[in-house]
Structures are given as C-alpha cells and as structure tokens.
Enquirer: 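A single structure is presented below for examination.
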Amino acid sequence: MQRRIAHLDMDAFFASVELLRYPQLTGLPVVVGGRRGTLAPTSGEDFPRLRDYVGRGVATTATYAARALGVHSGSGLMKAAALAPDAILLPANFDDYVRYSRLFKATVAEIAPHIEDRGIDEIYIDLTERPGETVALAQRIKDAVRAATGLSCSIGVTPNKLLSKIASDLQKPDGLTVLDFADIPTRIWPLPARKINGIGPRAGARLEALGIHTIGELAAAAPEMLIREFGQHYGRWLNDAAHGRDERPVVTERETKSISRETTFERDLDAKADREELTRILLSLCERVAGDLERKGYVGRTIGLKLRYDDFRTVTRDTTLEQATDDAQTILAAVRACLRRVPLDRRLRLLGVRVGTLTPPGEPGARGPEPGGNLRLFD
DNA sequence: TCTGGGGTCCTAGGACCC
DNA sequence: TCTGGGGTCCTAGGACCC
C-alpha cells in the first residue's frame, strides 16, 4: 500500500500573525525578532525600523518582502539592518503564536487526525487511510486553516516525510505540491543538497567540497564513497535520502526528554567582576526551569549547565542526582557543582540550565500537572 | 555592524557488571 | 590470573531542526 504523507508548513508564521494585527503592513518588509528592548509600536502608524536596532538579536521570521532583500530567519539584526534599513521590526508575541498554532493544528485534526507535531508552525499528516482524492483533501485542509486563522500555509503531499518536507517548500507561499516517486528526477534532483532535511551547514559544506551541489549529484555519488566520507550510518542515509527513500512513520505522541532555559547577555560578563549579576542570572534560570517542570508535571535527575564564552566556544557539564527533582534550590546546587568543573578564564556571553532524564507525569516519582497546565497538544 | 532560544539525536570513551 | 565480549549508565561535544 502506497503511503500518502502530507507536510504542512505555515507561511512566514510569526510575521503573518503580526500582519493580522497590523494589516496596513501587508506587502512591506517586516521582521519579527529582537530581544528585550525591542519596542512594540506605540501607535498604528509609527513603526520601529530595523536601522534603529542595537543589540544581539536575530530575526525569528521575515515576511517574503523582507526575504527578497536578503533577510532570513536567523539573520543577525545588525547585519540585516545593513541590507534592509527601512524594514519594520516587530517584537515577538509568543503567546499569540502558541494560540494560533493550537488553532491551526486543531483545525487540521478535525479533517485528518493522524498528525505529527514538528514544532510551532509545522506538522506531518498521514493521509494513507483517508478515502478520497489527495489533492482535494489537501486543498480542503488549506481552506479550513485559512477560514479558522486567516493565515495561509503550504502543503506537500508525497509517499513519505522526506519528500513531503521538500515538496511543501516548492511553491511557497500558499502552495500545494503533489509528487510521486516518478517525479524525483525532474523535481527533486535539480535542488541543492541542503534542501534535504538533515543536511545542515556542516554536511552541506563538506558535500560542496566533494563537488556535490545538487540532490541529483548526491544520488549519483557512489555509496561506498559517502560511507567512507561520512561514516556508515550517515553515509547510507545520505544515499537513501537522495533517492527519496524514507520509511519513517508519522509519530503522533512523543515524550519530552529535557527542559531547559538559557540566556545571552546584553554584554559579555566577567566571572569575577560581574559575579553578582551572573549569580542572579543563574538563579533566575533555575527558577524558570523549575517552574516549567512543575507546570508540566515532570521531575528530572540530570542537571546540566551550559556556558558560552565571548569567542563563541560552548561547553556543557552535567551531573545526575539520586533523586529526580523540580526544586529550584536543588537544581541551583547541582548547577553550582557543575560550574566548579569549568574554566572561567574568559568573558561569558551565555548561561543555560537544563534538566533531563525526566520522569513523565503520572509515573511514580512525578507529580501530576498543575490544574490549568497545558499538557495536551490540542486543547 | 557576526551569530537567539528551545529542543532531538548521534558518537565516543570510561566505569561497572555479568 | 588473564582475556574477551556484551550491556547499561554517565558525561561531553556536536550536528541539526524550528
């Protein structure tokens, strides 16, 4: 039985939600991002511009007009301002995005409930068991999402997740792309290898260095060579991916593995001179992680510290406790122990606290979620 | 004008046990 | 006493994704 898997991706999600609030910005270059200090517009016409931004923030999302100027999600804002000084900069409103995320997922679930969550703005949908014509069904989903949220999305439908993820990106925004295995040579092989989900900056650069630029060139590469260069596991996967082979199922339920909080400072801090400030930050991170654990009903045994130096090198230390906890002071004590094992001879730009080896809510050792806490995907 | 914050998975070495 | 192999847990780092 041939599978039919859809990948649905909301178009420029955060920016599109902001445009619902400020429809007068439609069509303009708009960037969502920045950090504390990124000001919300004071009125309906006076919007902050990218050129006025100072700080370490990055773009979380950019409208298509902003992307046309070279600003993409992940772009440093100071750098982006050089490309698009007049672009409008809006602060992120995460609560809104979570609301719209729940809304579009619940809307899709009413039509096709076999859904895998892939973050705030993406899902896979298994349509294999769905009677009826695939294109009509996908169009119905797009229409329903627009009716419920006012937002557009792009959908790819193919025999597997790997191909659908690529397909949903082919006709953005507001696209609907249906492919079969027979379309791979014409539609997939001409694309850059980096379009494959799982080939990142690192592997992409190594492939370039080997003279492999497109997915087709990757498909034509000898599997033995890929295994030699990238190892047994990843080499074999590269070969399979380039030929569009992917048997991964759509996973509807998944257990959280870790919960963390981290923060990049406004300016780099010195372990000695800024000791008090660093202590305050560390305590606050522990309290926020503890709050997240409590709200979700988890307790965890592995406590981790993350630290980034001014030269961007990152180190981590962790320690595993006898007894799982969600207590801020217990977490702080463990993080302090980790801190003693790390050299503090450079200025710091980031601290992070992580709790792993979680005991799920409902199991012995874990408390139930707080009343009012949101555990479920759709509620 | 460098590079946010929340995650997952993989690798690899050492400890420890059978 | 020596050798070897397998399994699990712990820790550190890194690639990748949204």
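In what follows, chains are A, B, ... by sequence order, proteins preceding strands, each numbered from 1.
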Enquirer: My understanding is that only one of Asp268(A), Thr264(A), Thr314(A) makes a side-chain hydrogen bond (donor to acceptor under 3.5 Å, both in side chains) with Arg308(A); could you say which?
Expert: Thr314(A)
Enquirer: Using the purine O4'-C1'-N9-C4 or pyrimidine O4'-C1'-N1-C2 torsion, is dC2(C) syn (within 90° of 0) or anti?
Expert: anti
Enquirer: Compare side-chain N and O positions of Arg341(A) against OP1 and OP2 of dA12(C) and report whether any pair is under 4.0 Å apart.
Expert: yes
Enquirer: Side chain of Glu262(A), heavy atoms from C-beta onward: which of dG6(B), dG13(C), dC16(C) has the nearest atom to it?
Expert: dG6(B)
Enquirer: Quick one: is Thr60(A) getting a side-chain N or O under 4.0 Å of the dG4(B) phosphate, OP1 or OP2?
Expert: no
Enquirer: Tell me what Lys306(A) touches on the nucleic acid: a base, only sugar-phosphate, or nothing, going by heavy atoms under 4.0 Å.
Expert: nothing
Enquirer: Grab the CG-C1' distance between Asp311(A) and dC2(B) for me, whole Å please.
Expert: 13 Å
Enquirer: From dG13(C), dT1(B), dT8(B), pick the nucleotide closest to the side chain of Met78(A)?
Expert: dT1(B)
Enquirer: With both distances under 3.5 angstrom, what nucleotide forms a Watson-Crick or G-U wobble pair with dC18(B)?
Expert: dG5(C)
Enquirer: Out of dC18(C), dG13(C), dT3(B), which nucleotide sits closest to the side chain of Val315(A)?
Expert: dG13(C)
Enquirer: Rounded off to whole Å, could you give me the CG-to-P distance for the Asp121(A) and dG7(B) pair?
Expert: 16 Å
Enquirer: Without decimals, in angstroms, what is the distance between Arg288(A) CZ and dG7(B) P?
Expert: 11 Å
Enquirer: Base, sugar-phosphate, or nothing for Gly76(A), non-hydrogen atoms under 4.0 angstrom?
Expert: nothing
Enquirer: Backbone N or O of Pro249(A) within a donor-acceptor pair of the Lys161(A) side chain at under 3.5 Å?
Expert: yes
Enquirer: Among the candidates dG7(B), dC18(C), dC16(C), find the nucleotide nearest to the side-chain atoms of Ile259(A).
Expert: dG7(B)
Enquirer: Indicate whether OP1 or OP2 belonging to dG4(B) is found under 4.0 Å from a side-chain N or O atom of Arg349(A).
Expert: yes
Enquirer: Hey, does the side chain of Thr316(A) come within less than 4.0 Å of dG13(C)'s phosphate (OP1/OP2), counting only N and O?
Expert: yes
Enquirer: Any side-chain N or O of Ser260(A) less than 4.0 Å from the OP1 or OP2 oxygen of dG7(B)?
Expert: yes
Enquirer: Return no unless some side-chain N or O of Arg317(A) is found under 4.0 Å from OP1 or OP2 of dG13(C).
Expert: yes
Enquirer: Which of these, Leu282(A), Thr263(A), Leu332(A), Ile259(A), sits in a side chain to side chain contact (heavy atoms under 4.5 Å, CB included) with Val353(A)?
Expert: Leu282(A)
Enquirer: Would you mind checking if Asp96(A) and Arg99(A) are paired as a salt bridge, meaning a charged N to carboxylate O distance below 4.0 Å?
Expert: yes
Enquirer: Is it true that Arg146(A) and Asp174(A) have a side-chain N and a carboxylate O under 4.0 angstrom from each other?
Expert: yes
Enquirer: Please determine, for the side chain of Arg308(A), which listed nucleotide (dC9(B), dG4(B), dG13(C)) has the closest atom?
Expert: dG4(B)
Enquirer: Measuring only the P atom in each nucleotide, how far is dT3(B) from dC18(C)? A whole number of Å is fine.
Expert: 23 Å
Enquirer: Hey, does Thr256(A) reach any base, or is it just sugar-phosphate, or nothing, if we go heavy atoms under 4.0 Å?
Expert: sugar-phosphate
Enquirer: Nearest-nucleotide wise, let me know which of Phe312(A) and Ser258(A) is further upstream toward the 5' end of DNA chain B.
Expert: Phe312(A)
Enquirer: Atom NZ of Lys195(A) to atom P of dC18(C): distance rounded to whole Å?
Expert: 11 Å
Enquirer: May I have the distance from Asp117(A) (atom CG) to dG6(B) (atom P), rounded to whole angstrom?
Expert: 18 Å
Enquirer: What's the closest nucleotide to the Lys257(A) side chain, out of dC9(B), dG4(B), dG5(B)?
Expert: dC9(B)
Enquirer: Tell me the interatomic distance from Arg261(A), atom CZ, to dG6(B), atom P, rounded to whole angstroms.
Expert: 5 Å
Enquirer: Mind running side chain to side chain contact (heavy atoms under 4.5 Å, CB included) on Tyr22(A) and Val30(A) for me, showing each step along the way?
Expert: CA-CA 11 Å; Tyr22(A) 306 115; Val30(A) 176; over 6 Å; no
Enquirer: Counting side-chain heavy atoms from CB outward, which of dT11(B), dG5(B), dC9(B) is closest to His233(A)?
Expert: dT11(B)
Enquirer: By the 4.0 Å heavy-atom rule, please label Leu285(A) as base, sugar-phosphate, or nothing.
Expert: nothing
Enquirer: For Ala81(A) and Ala59(A), find the nucleotide of DNA chain B closest to each by heavy atoms; which residue's nucleotide sits nearer the 5' end?
Expert: Ala81(A)
Enquirer: What is the distance from CH2 of Trp237(A) to P of dC16(C), rounded to the nearest Å?
Expert: 9 Å
Enquirer: State whether Lys172(A) and Asp11(A) are salt-bridged, where the test is any N-O pair (Lys NZ or Arg NE/NH1/NH2 against Asp/Glu carboxylate O) under 4.0 Å.
Expert: yes
Enquirer: With distance as the sole criterion, is a donor-acceptor pair present between the side chains of Ser154(A) and Asp169(A) under 3.5 Å?
Expert: no
Enquirer: Using the side-chain heavy atoms of Lys296(A), tell me which of these nucleotides is nearest: dG13(C), dG7(B), dA12(C).
Expert: dG7(B)
Enquirer: Which of these nucleotides, dC18(C), dG5(B), dC16(C), is closest to any side-chain atom of Glu122(A)?
Expert: dC18(C)
Enquirer: Arg354(A) CZ to dG6(B) P: how many Å, rounded?
Expert: 13 Å
Enquirer: So, is Arg202(A) near the phosphate of dC16(C), with a side-chain N or O under 4.0 Å from OP1 or OP2?
Expert: no
Enquirer: dC10(C) phosphate, OP1 or OP2: any side-chain N/O from Arg301(A) under 4.0 angstrom?
Expert: yes
Enquirer: Remember a base hit wins even if backbone is also touched, and classify Ser73(A) as base, sugar-phosphate or nothing at under 4.0 Å, heavy atoms.
Expert: nothing
Enquirer: Looking at dC9(C), I'd like to know if its phosphate oxygens (OP1 or OP2) sit under 4.0 Å from a side-chain N or O belonging to Thr320(A).
Expert: no
